[in-house]
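Step one of this worksheet: look at the structure below.
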Amino acid sequence: MSAPAPSPLAIVDAEPLPRQDEVLTDAALAFVAELHRRFTPRRDELLARRGERRTEIARTSTLDFLPETEAVRADDTWKVAPAPAALDDRRVEITGPTDRKMTINALNSGAKVWLADFEDASAPTWENVITGQLNLIDAYTRNIDFTDPKSGKSYALKPAEELATVVTRPRGWHLNERHLQLDGTPVPGALVDFGLYFFHNAQRLIDLGKGPYFYLPKTESHLEARLWNDIFVFAQDYVGIPQGTVRATVLIETITAAYEMEEILYELRDHASGLNAGRWDYLFSIVKNFRDGGSKYVLPDRNLVTMTAPFMRAYTELLVRTCHKRGAHAIGGMAAFIPSRRDAEVNKVAFEKVKADKDREAGDGFDGSWVAHPDLVPIAMASFDAVLGDRPNQKDRLREDVSVAAGDLIAIDTLDAKPSYDGLRNAVAVGIRYIEAWLRGMGAVAIFNLMEDAATAEISRSQIWQWINADVVFENGEHATADLARKVAAEELAATRAEIGDEAFESGKWQQAHDLLLQVSLDQDYADFLTLPAYEQLG
């Protein structure tokens, strides 16, 4: 008697979308189901391990490089695989969600790379998950255009040689996709995003002279990188493309990963193309892991923690040195400014800050950097052109002058800045505004002239939580308390209603966003990610 056929994936509680059958083919779903069967149990073990690691940090209030992997760090002979031609020059990368207009604008932006985002810049509604996949398929087959219904402006792709190379970012390991289940168990969002994209586009991208390239978010250890590597090996065999075709850039956006940069590259060495320095999530991770470590771990207002802070400088310089030692690209952080169409003076000041930031990164040895808006591409390009010239990168700059001790990465108390009352108000205001948009399905949101994403909301609510639990006293003499946070949140909500009017307020999700921000900011039981409770409320 033959074995029964494997259980197919079930689509649960999802309204059918136009053209979804082009993405959710039987063959693609069978691939995702196989990824789920093989790799979700290990994902679950690694998530449990995160909790154990966090408990250990709470006990010791410190971190160190791993003694058990010292041999990997000490071995100077290994390197990551050489970069493919399409990923050798990454001097400017633009980031953004995979909606139709952004897909065209990002590909046309003049940036070398587009980070096509299913993660922090995309609220994971079923529509966003599926139409994002469709938009990328349509882009690769040049069947994409867009007419803005408000302005009537039309958008179309430039010639192929002028388009950015796509590097896709799936969701982090902690998020499930509740609309795709196998035997009643949701499939990890990471496997859905990776699996559908890889299955439909791997060969198509090879035919275009590129390949299936990925950004890996929220990685916390080299064992999580090992899991991704095993997925890549299996996936390449499954669809019949050569091993090593996949390339992955890992975001070093957690404090634990900062202590395992070399090990992460080693685990992915046949598929690695670089590491990236992600600021907001990194600060969020510091607060999350050291939230009960006492006053020396209390961060000031997020906008006062610049990349020149000693502990941030240690992190970025170690990243450049590590990448270049191993032949990988070092990619710098985000310029999140959104140019104003009304205020030239605001733009002038902001553009000068962006230029200084990109000049510093290029001067420090980074091979490229991120921007959030097409208008920033020329500014960042000029900074890297000035250092690189005609060279595609500066991986030959080994930065052997850099020496970072374990304690340097968590020397938060080297900062002079302190939390402020205005910082609390800003955290509340940005948090409410971002979560409200996210609950309506928007993951990348312009707030106060900055492009904000889920990492923004995470650092906002984490700082509120940390300041209250550390009993911070602001410069005006007020103590950070739950009651003060509630008072400020109520004022922000009332100000928003007055600003936009009753009708717009009631048709939005403002009260819901206010309540959720306070929940994740004030609950004594700190939620690992605010997107977990938020996802339960997402349409």
_Is there a salt bridge (Lys or Arg N to Asp or Glu O under 4.0 Å) between Asp13 and Arg178? Walk through the geometry before answering._
CA-CA 8 Å; Asp13 295 332; Arg178 68 169 182 261; over 6 Å; no
What pair of heavy atoms forms the shortest contact from [X] to [Y], and how long is it?
{"X": "Gly209", "Y": "Ala86", "answer": "O-CB, 4.2 Å"}
{"X": "Trp465", "Y": "Gln524", "answer": "CZ2-O, 3.6 Å"}
{"X": "Phe118", "Y": "Arg171", "answer": "O-CG, 3.3 Å"}
{"X": "Val520", "Y": "Pro533", "answer": "CG1-CG, 3.9 Å"}
{"X": "Leu398", "Y": "Arg321", "answer": "O-CG, 3.8 Å"}
{"X": "Val92", "Y": "Ala111", "answer": "O-CB, 3.6 Å"}

Between the side chains of [X] and [Y], does any donor sit under 3.5 Å from an acceptor?
{"X": "Asp75", "Y": "Thr77", "result": "yes"}
{"X": "Thr62", "Y": "Thr60", "result": "no"}
{"X": "Asn393", "Y": "Asp88", "result": "yes"}
{"X": "Arg204", "Y": "Asn201", "result": "yes"}
{"X": "Arg326", "Y": "Thr322", "result": "no"}
{"X": "Tyr213", "Y": "Thr249", "result": "no"}

Side-chain heavy-atom pair [X], [Y] within 4.5 angstrom cut-off:
{"X": "Leu17", "Y": "Leu134", "value": "no"}
{"X": "Leu191", "Y": "Ile231", "value": "yes"}
{"X": "Arg90", "Y": "Phe366", "value": "no"}
{"X": "Leu24", "Y": "Ile11", "value": "yes"}
{"X": "Val113", "Y": "Leu87", "value": "yes"}
{"X": "Leu205", "Y": "Val166", "value": "no"}
{"X": "Met261", "Y": "Val250", "value": "no"}
{"X": "Leu63", "Y": "Ile57", "value": "yes"}

Thr308 vs Met312, test: side-chain contact (heavy atoms from CB on, under 4.5 Å). Steps then yes/no. CA-CA 6 Å; Thr308 57; Met312 296 299 279; over 6 Å; no
Under the 3.5 angstrom rule, does the side chain of [X] hit a backbone N or O of [Y] as a donor-acceptor pair?
{"X": "Lys288", "Y": "Asp528", "answer": "yes"}
{"X": "Thr141", "Y": "Asp138", "answer": "yes"}
{"X": "Gln466", "Y": "Tyr297", "answer": "yes"}
{"X": "Ser285", "Y": "Asp281", "answer": "no"}
{"X": "Asn229", "Y": "His271", "answer": "no"}
{"X": "Arg279", "Y": "Met334", "answer": "no"}
{"X": "Gln236", "Y": "Gly244", "answer": "yes"}
{"X": "Gln133", "Y": "Asp193", "answer": "yes"}
{"X": "Arg397", "Y": "Gly363", "answer": "yes"}
{"X": "Ser109", "Y": "Ala106", "answer": "yes"}

So how far is it from [X] [atom1] to [Y] [atom2], rounded to the nearest 0.5 Å?
{"X": "Asp44", "Y": "Phe39", "atom1": "CG", "atom2": "CZ", "value": "13.5 Å"}
{"X": "Thr256", "Y": "His222", "atom1": "OG1", "atom2": "NE2", "value": "11.5 Å"}
{"X": "Glu262", "Y": "Glu70", "atom1": "CD", "atom2": "CD", "value": "11.0 Å"}
{"X": "Thr95", "Y": "Asp453", "atom1": "OG1", "atom2": "CG", "value": "7.5 Å"}
{"X": "Leu46", "Y": "Glu224", "atom1": "CG", "atom2": "CD", "value": "5.5 Å"}
{"X": "Trp114", "Y": "Leu163", "atom1": "CH2", "atom2": "CG", "value": "11.0 Å"}

ask   = Relative to each other, are the rings of Tyr238 and Phe234 parallel, tilted or perpendicular (30° and 60° limits)?
value =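 Because their plane-to-plane angle lies in the 30° to 60° range, the rings of Tyr238 and Phe234 count as tilted.
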Would you please classify the geometry between the Tyr215 ring and the Trp370 ring as parallel, tilted or perpendicular, with 30° and 60° separating the classes?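 It falls in the perpendicular class, over 60°.
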Could you walk me through whether Asp237 and Gln243 pass the side chain to side chain donor-acceptor pair (under 3.5 Å) test, one step at a time?
CA-CA 7 Å; Asp237 281 349; Gln243 287 296 327; 2.9 Å; yes
What do you reckon, is [atom1] of [X] surrounded by more than 12 foreign heavy atoms closer than 6.0 Å?
{"X": "Tyr266", "atom1": "OH", "result": "no"}
{"X": "Lys296", "atom1": "NZ", "result": "no"}
{"X": "Asp26", "atom1": "CG", "result": "no"}

Quick one: do [X] and [Y] make a salt bridge, cutoff under 4.0 Å?
{"X": "Asp364", "Y": "Arg313", "answer": "yes"}
{"X": "Glu34", "Y": "Arg37", "answer": "yes"}
{"X": "Glu56", "Y": "Arg53", "answer": "no"}
{"X": "Arg169", "Y": "Asp117", "answer": "yes"}

Exercise. May I have the step-by-step check of side-chain contact (heavy atoms from CB on, under 4.5 Å) for Tyr259 and Leu66, ending in yes or no?
Key: CA-CA 7 Å; Tyr259 287 86; Leu66 301 179; over 6 Å; no
* Asked: Please walk me through it: do Asp120 and Lys218 pass side-chain contact (heavy atoms from CB on, under 4.5 Å)?
  -> CA-CA 10 Å; Asp120 272 3; Lys218 307 287 192 289; 2.9 Å; yes
Next item on the list: Kindly state each residue pair satisfying ring-ring contact (aromatic ring centres under 6.0 Å, His included) with at least one member in residues 173-192, sequence neighbours excluded.
Entry: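 Sorted result for residues 173-192: Trp126-His179, Trp173-Trp228, His174-Phe529.
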For this session: Determine the sole option in Asp413, Leu415, Leu409, Ile255 for which the side-chain contact (heavy atoms from CB on, under 4.5 Å) test with Phe311 is passed.
Result: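 The single option meeting the side-chain contact (heavy atoms from CB on, under 4.5 Å) with Phe311 is Leu415.
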Walk me through it: do Lys112 and Glu93 pass the test salt bridge (Lys or Arg N to Asp or Glu O under 4.0 Å)?
-> CA-CA 6 Å; Lys112 297 291 185 179; Glu93 305 193 350; over 6 Å; no
Would you sort out whether Gln463 and Leu299 count as a side-chain contact (heavy atoms from CB on, under 4.5 Å), showing the intermediate values? CA-CA 7 Å; Gln463 294 208 288; Leu299 284 171; 3.6 Å; yes
Item to check | Centroid-centroid distance, Phe214 to Tyr197, less than 6.0 Å | outcome: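 Centroid separation for Phe214 and Tyr197: below 6.0 Å.
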